[in-house]
Amino acid sequence: GGEKAILDVIYPTYEQRFRPKQNDSDITYVTLRPTNFRILAVDALEQSIQFVLDFEQSWNDFRLVWSRDTETTALKTIKVPESSLWAPDINPISSLDRRSIIPSNRRVTEISYDGTIKKTDPSIVKMSCAMAVLRYPFDVQTCDIKIGPWIYRRDEVRLILDDASFSENKTQSTSEWTVKSVRVNITIDREMNLDVMVVSVKLRRNPSYYISTVIIPTFLNCFLCIFGLFMPTDTTGLRFEKV
């Protein structure tokens with residue numbers, strides 16, 4: 001009974017290598033819901049940003065539907081290893097480095113009785129981000145992170161956005177940078193013919209550290225250097241100015 005009985009119903013003829021489709025023209029719609037974004041490091045010299053990103057992916061697979069009419073198959077959802085299912089290959093595009101927090105052999109996927117599948121893949125990602133430091137250390141930077149399928153084009157897989165922003169409790173800043181906003185939208189890459197989720201991150205540098213360690217000491221040092229030009233060079237009572 002339970003999960004084993006359901007797996008015996010849906011898995012015997014299931015083929016994980018193929019996208020769920022009944023006709024060649026069928027499109028798989030994948031819904032994306034942002035869940036977590038946290039800045040780890042920002043390197044202005046290298047012009048790169050490192051962050052933790054997680055978003056829930058859900059889609060429907062008509063091959064994984066079961067009836068809840070019997071006692072042995074009454075469960076609404078079951079969890080199976082992600083590697084045992086077909087899943088869209090949605091990943092950050094043009095990332096410098098990417099590492100999944102949970103290894104692929106330990107990730108699980110939730111299947112509902114109506115064929116709805118949900119999965120997450122929290123990752124540590126490093127991407128390039130062009131930065132303008134003209135107003136340093138009072139600068140505000142905007143980095144666009146593009147996420148989409150590697151293989152499937154728009155006539156096979158399309159993206160739907162469930163939420164266009166991260167709430168404040170889903171974003172975390174660092175001591176040096178504050179996340180002002182994280183906006184999400186779906187665009188179409190006409191050249192590659194695929195849907196892309198663009199995460200636009202606006203960061204503001206915290207200037208207090210640089211004010212106390214760079215600006216104030218530099219100002220004091222310059223002031224003392226100039227003031228020292230007018231100090232007497234003889235301690236015998238006679239005043240000899242340097243200028």
Is there a path of hydrophobic side-chain contacts, each under 4.5 Å between heavy atoms of I, L, V, M, F, W or Y residues, that connects V182 with V198?
no

Just by distance, no angles: are the side chains of D43 and S48 close enough, under 3.5 Å, to form a donor-acceptor pair?
no

Let's go through N206 and T178 carefully: what are the C-alpha distance in whole Å and the side-chain angles of both, what is the deciding distance for side chain to side chain donor-acceptor pair (under 3.5 Å) to 0.1 Å, and is it a yes or a no?
CA-CA 7 Å; N206 296 326; T178 299; 2.7 Å; yes

Taking all non-hydrogen atoms of both residues into account, name the closest pair between E110 and K79 and its distance.
OE2-NZ, 3.4 Å

What's the shortest heavy-atom distance between P34 and V184, and which atoms?
CG-CG2, 4.0 Å

Does any donor atom in the side chain of S84 or Y11 lie under 3.5 Å from an acceptor atom in the other side chain?
yes

Would I78 and W66 count as a side chain to side chain contact (heavy atoms under 4.5 Å, CB included) here? Give the steps.
CA-CA 11 Å; I78 61 172; W66 70 86; 4.1 Å; yes

Is it the case that the side chain of Q141 and the backbone of A132 share a donor-acceptor pair, with hydrogens and angles ignored and the cut-off at 3.5 Å?
yes

With side chains defined as the heavy atoms from C-beta onward, is the minimum distance between I90 and L32 less than 4.5 Å?
yes

Would you check if Y14 and D61 make a side-chain contact, meaning some heavy-atom pair closer than 4.5 Å?
yes

Under 3.5 Å, side chain of T73 to main-chain N/O of S67, donor-acceptor pair present?
yes

Report the distance from atom NZ of K76 to atom CZ of R68, rounding to the nearest 0.5 Å.
5.5 Å

Residues T116 and D114: side-chain donor-acceptor under 3.5 angstrom
yes

Evaluate the side-chain proximity of I111 to L85: yes if any heavy-atom separation is below 4.5 Å, no if none is.
yes

Looking only at the side chains, is there a donor atom on one of R19 and T28 sitting less than 3.5 Å from an acceptor on the other?
yes

Taking NZ, NE, NH1 and NH2 as the nitrogens, is one of them in R205 or D139 under 4.0 Å from a carboxylate oxygen of the other?
yes

Using 0.5 Å steps for rounding, measure from the CD1 atom of I39 to the CH2 atom of W177.
9.5 Å

Let me confirm one number: the OG-OH distance from S58 to Y29, rounded to the nearest 0.5 Å.
14.5 Å

Run D195 and R158 through salt bridge (Lys or Arg N to Asp or Glu O under 4.0 Å) and show every step you take.
CA-CA 6 Å; D195 281 355; R158 292 190 185 177; 5.4 Å; no

Side chain to side chain contact (heavy atoms under 4.5 Å, CB included) between V201 and T142: does it pass, once the steps are laid out?
CA-CA 6 Å; V201 185; T142 301; over 6 Å; no

Does any part of the side chain of R183, heavy atoms only, come nearer than 4.5 Å to the side chain of K202, both counted from C-beta?
no

Does K126 pair with E46 as a salt bridge, N-O distance under 4.0 Å?
yes

Step by step, work out the side chain to side chain contact (heavy atoms under 4.5 Å, CB included) result for T120 and F55.
CA-CA 6 Å; T120 61; F55 53 92; over 6 Å; no

Given 3.5 Å as the limit, does a donor-acceptor pair link the side chain of D26 with the main chain of Q22, or not?
yes

Distance in Å, C129 SG paired with L203 CG, rounded so as to fall on 0.5 Å steps:
7.0 Å

Can you confirm whether K118 sits close enough to E56 that some side-chain heavy atom of one is under 4.5 Å from a side-chain heavy atom of the other?
yes

Ignoring hydrogens, what is the shortest heavy-atom contact between M131 and A44? Give both atom names and the distance.
SD-CA, 3.6 Å

I want to check something: taking the side chain as every heavy atom from C-beta on, are V125 and L96 in contact at a cut-off of under 4.5 Å?
no

Step through the shown structure and confirm whether more than 12 heavy atoms of other residues, nucleotides or ligands are within 6.0 Å of NZ on K119.
yes

Joint cluster assignment, V9 & V80, ILVMFWY side-chain distance < 4.5 Å:
yes

So with a 6.0 Å cut-off around CG of N105, is the heavy-atom count from everything else above 12?
yes

Tell me whether W59 contacts the main-chain N or O of P88 through its side chain, where contact means a donor paired with an acceptor under 3.5 Å.
no

Linking I/L/V/M/F/W/Y whenever any side-chain heavy atoms sit under 4.5 Å apart, do I124 and I145 land together?
no

May I ask you to say whether R98 pairs ionically with D121, meaning some side-chain N is under 4.0 Å from a carboxylate O?
yes

Quick one: CH2 on W86 to CG on L64, what's the gap to the nearest 0.5 Å?
11.5 Å

Minimum-distance pair of heavy atoms, taken over all atoms of R63 and F18:
NH2-O, 3.0 Å

Determine, using the 4.5 Å side-chain heavy-atom cutoff (strictly less than), whether M192 and V196 are members of one ILVMFWY cluster.
yes

I'd like to know whether CG of L220 has more than 12 heavy-atom contacts from other residues, nucleotides or ligands below 6.0 angstrom.
yes

How about CD on E15, more than 12 heavy atoms from neighbouring residues, nucleotides or ligands closer than 6.0 Å, or not?
yes

Criterion side chain to side chain contact (heavy atoms under 4.5 Å, CB included) on N91 and I147, from CA distance to verdict
CA-CA 5 Å; N91 293 288; I147 300 169; 5.9 Å; no

Test item: D144 and V199 side chains (from C-beta on) under 4.5 Å apart, heavy atoms
no

Please tell me whether L7 and Y113 are part of a single hydrophobic cluster in this structure, the criterion being side-chain heavy atoms less than 4.5 Å apart.
yes

So CD1 of I186 and CG of L161: to nearest 0.5 Å the spacing works out to 5.0 Å

Output yes when a side-chain donor or acceptor of D89 lies under 3.5 Å from a complementary backbone atom of P149, and no otherwise.
no

So, do I27 and Y152 sit near enough that their side-chain heavy atoms are less than 4.5 Å apart?
no

